[in-house]
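Data block below; observations after.
Keep in mind that this is a model prediction, so the values were computed, not measured.
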Amino acid sequence: MSYFEELAFQYIDGEWRSGTGSWDIVDFNPYDGEKLASITVAGVAEIDQAYRAAERAQAAWGATNPYTRRLVFERALRIIDDREAELAAAITAECGGTALKAAFELHLVREFLREALHLALRAEGRILPSPDDTKENRLYRVPVGVVGVISPFNFPFLLSVKSVAPALALGNAVVLKPHQNTPICGGGLVAKVFEEAGLPAGVLNVVVTDIAEIGDALIEHPVPKVISFTGSDKVGRHVATVAAGHFKRTILELGGNSALIVLDDADLDYAVDAAVFSRFIHQGQVCMAANRVLVDRSVEQEFTEKFVAKVKSLKVGDPGDPATHIGPLIHAGQAEAIGALVEQAVADGATALVRGGAEGTLVSPSVLTGLKADAAILGQEIFGPVALIIPFDGEEEAIRLANATPYGLSGAVHTGDVERGVRVAKRIDSGMIHVNDGTVHDEPIVPFGGEKASGVGRLNGDAMVDAFTTTKWISIQHGRTKFPF
């Protein structure tokens with residue numbers, strides 16, 4: 001039995017069960033259209049059951065010695081090591097991920113599980129002074145209780161684990177809703193790994209459903225105190241609005257429109273490699289992808305020639321073939337949208353140095369230049385294999401162009417002078433930026449998140465403690481307070 005047959009269910013209170021919703025989510029392989037699984041969606045009743053199970057299980061889990069909680073993550077790591085080939089095959093089948101993408105995703109999943117081992121011990125308290133000599137102030141870090149996690153389709157296993165693992169490590173219970181296009185990699189596999197690793201029933205629950213079935217029940221439910229959402233800024237705004245109305249904290253990791261800046265003293269061959277990877281990894285379906293490649297006009301011609309040559313060498317096709325660089329987009333609708341975006345940009349005056357066509361969900365790369373300053377494509381996230389090359393004259397214009405977007409997630413600066421790169425990087429309005437590297441990076445101890453429409457809050461490292469715990473002040477009066485009446 002494959003993972004897709006075995007895990008095509010809801011996972012609530014330690015049981016794999018069918019949903020009671022009114023329709024089925026059909027899970028397709030985006031490359032060849034093969035039906036992988038059919039899952040009856042969870043209804044509002046299952047959402048309540050999942051949250052209530054989490055609420056019941058959390059008290060004991062939160063009281064468990066953190067050294068004991070760590071054992072679950074140690075076993076989860078061993079399970080992933082033992083089943084790496086099966087997990088990689090699932091990522092390729094459900095996400096259209098190439099061998100490189102699957103390996104990259106599994107590597108980061110391991111890194112975040114290793115970090116969870118340490119996070120379990122990092123909810124440190126403090127003793128604070130008091131103006132009263134006989135009084136003691138203790139500040140405790142305690143779990144928030146139950147966390148709702150909503151994960152996306154592009155790196156579903158990783159971006160589910162990235163919130164689920166630290167929330168669990170810090171003593172919380174979790175209800176996870178994966179994206180409907182990746183219910184197994186984003187949900188079922190996560191539950192399976194933690195179930196086999198010995199996580200008690202009810203501490204992690206997975207509901208496969210959609211807003212069309214449950215409305216805002218996942219966010220409005222009274223049990224979860226924190227909602228961790230990764231996805232588009234449009235949906236993120238809705239999540240934030242609904243959560244705020246119910247006094248819930250949100251961690252929002254949203255879209256991006258990152259710029260990779262090539263200054264006049266950059267190593268052009270290296271910058272080309274970084275830019276091509278940053279734009280086309282996982283078909284460009286990455287929030288940190290370099291949508292815009294900004295190049296100093298003095299090196300524009302040489303850079304562009306090398307960039308176009310490298311892009312033309314990329315192999316498009318079956319993600320199961322280890323030689324493939326670019327596999328399918330997640331569904332045909334996304335492929336059509338990318339094609340329409342390129343057509344509109346060209347109609348508006350852009351020059352296509354490379355004009356990619358589409359065959360089903362396979363979309364070949366496009367490279368556009370000569371864009372007008374007000375071109376619509378410049379201001380939006382492009383979730384597909386389209387690169388924009390934009391010349392600039394000097395650092396000041398590069399900074400202005402890089403910041404001319406409602407997003408602020410990632411970015412990169414290439415230069416022969418590291419400190420020059422840092423000076424430029426400091427002036428880019430983004431949560432993350434990398435000097436002489438790509439735009440696509442994630443490390444488990446470094447705060448990850450964006451500015452502007454790219455999100456609210458941070459994940460990774462100590463930021464996880466802030467995200468998934470709350471502070472509790474307990475004062476102790478060792479003497480006697482003199483009350484005024």
Side-chain angles (χ1 to χ4, degrees), residues 100-101 103-105 107-108 111-112 115 154-155 158-159 162 230 253-282 284-296 299 303 306-307 310-311 381-383 387-390 392 395-405 407-455 457-463:
L100 172 64
K101 187 267 188 184
F104 182 65
E105 184 163 5
H107 164 71
L108 282 175
E111 290 299 304
F112 279 97
E115 175 62 9
N154 55 343
F155 282 78
L158 168 63
L159 295 177
K162 184 173 177 175
T230 304
E253 299 296 338
L254 309 178
N257 185 11
S258 300
L260 186 146
I261 300 170
V262 183
L263 297 177
D264 55 4
D265 60 348
D267 178 333
L268 295 187
D269 290 328
Y270 178 63
V272 164
D273 288 346
V276 171
F277 175 82
S278 299
R279 177 58 264 177
F280 296 107
I281 178 68
H282 195 39
Q285 298 174 124
V286 183
C287 57
M288 295 173 281
N291 276 12
R292 299 168 298 147
V293 182
L294 310 183
V295 187
D296 191 280
V299 295
F303 176 90
K306 292 180 176 183
F307 184 87
K310 190 169 183 72
V311 169
E381 181 176 41
I382 306 170
F383 235 52
L388 312 178
I389 297 181
I390 304 155
F392 63 82
E395 287 180 17
E396 291 300 320
E397 187 177 17
I399 292 164
R400 179 182 64 78
L401 291 172
N403 288 333
T405 171
Y407 299 97
L409 186 58
S410 187
V413 181
H414 279 254
T415 173
D417 181 345
V418 168
E419 294 309 319
R420 180 189 186 194
V422 171
R423 288 194 300 271
V424 172
K426 285 181 175 180
R427 297 177 61 191
I428 306 301
D429 298 331
S430 64
M432 308 170 288
I433 191 159
H434 312 284
V435 176
N436 290 338
D437 210 338
T439 62
V440 180
H441 289 285
D442 197 357
E443 297 180 12
I445 67 169
V446 183
F448 182 103
E451 300 295 328
K452 300 189 284 187
S454 287
R458 295 291 186 267
L459 292 175
N460 301 2
D462 291 337

Legend entry - Check against side chain to side chain contact (heavy atoms under 4.5 Å, CB included), F383 and N154: CA-CA 10 Å; F383 235 52; N154 55 343; 3.6 Å; yes
As an exercise, state the distance from [atom1] of [X] to [atom2] of [Y], rounded to the nearest 0.5 Å.
X: D269; Y: F307; atom1: CG; atom2: CZ; answer: 13.5 Å
X: K426; Y: I399; atom1: NZ; atom2: CD1; answer: 12.5 Å
X: K101; Y: Q285; atom1: NZ; atom2: CD; answer: 8.5 Å
X: L108; Y: E115; atom1: CG; atom2: CD; answer: 12.5 Å
X: M432; Y: S410; atom1: CE; atom2: OG; answer: 5.0 Å

Legend entry - Beyond-backbone contact of L388 with I382, side-chain heavy atoms, under 4.5 angstrom: yes
Inset, instruction - Could you tell me whether the side chain of F277 reaches within less than 4.5 Å of the side chain of L100, counting heavy atoms only? - result: yes
Inset, instruction - Indicate whether any N or O donor in one side chain lies under 3.5 Å from an N or O acceptor in the other, for D267 and N436. - result: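 There is no such pair between these side chains.
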Using modelled atom types and a 3.5 Å cut-off, is there a donor and acceptor pairing between side-chain atoms of [X] and backbone atoms of [Y]?
X: E381; Y: G256; answer: yes
X: N257; Y: N291; answer: no
X: S278; Y: T439; answer: yes
X: K452; Y: T405; answer: yes
X: H414; Y: L263; answer: no
X: R279; Y: V293; answer: no
X: D429; Y: N403; answer: no
X: E105; Y: L158; answer: yes

Inset, instruction - Using a strict cut-off of less than 4.0 Å between a Lys/Arg side-chain nitrogen and an Asp/Glu carboxylate oxygen, indicate whether E395 and R420 qualify as a salt bridge. - result: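 So E395 pairs with R420 through a salt bridge.
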Legend entry - Salt bridge flag under 4.0 Å for residues R423 and E396: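 Not counted as a salt bridge, because no side-chain N and carboxylate O are separated by less than 4.0 Å.
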Inset, instruction - May I have the step-by-step check of side chain to side chain contact (heavy atoms under 4.5 Å, CB included) for I428 and I261, ending in yes or no? - result: CA-CA 11 Å; I428 306 301; I261 300 170; 4.0 Å; yes
Heavy-atom pair of closest approach, residues [X] and [Y]:
X: I433; Y: A425; answer: CG2-CB, 3.5 Å
X: G438; Y: H441; answer: O-CD2, 3.2 Å
X: N460; Y: K162; answer: OD1-CE, 3.0 Å
X: F112; Y: P444; answer: CE2-CA, 3.6 Å
X: A402; Y: L294; answer: N-CD1, 3.7 Å
X: A275; Y: F303; answer: CB-CZ, 4.1 Å

Legend entry - Derivation and outcome, side chain to side chain contact (heavy atoms under 4.5 Å, CB included), residues Y270 and D437: CA-CA 9 Å; Y270 178 63; D437 210 338; 4.2 Å; yes
Legend entry - Ring centres under 6.0 angstrom apart (H282, F155):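 Ring-ring flag for H282/F155: true, centres closer than 6.0 Å.
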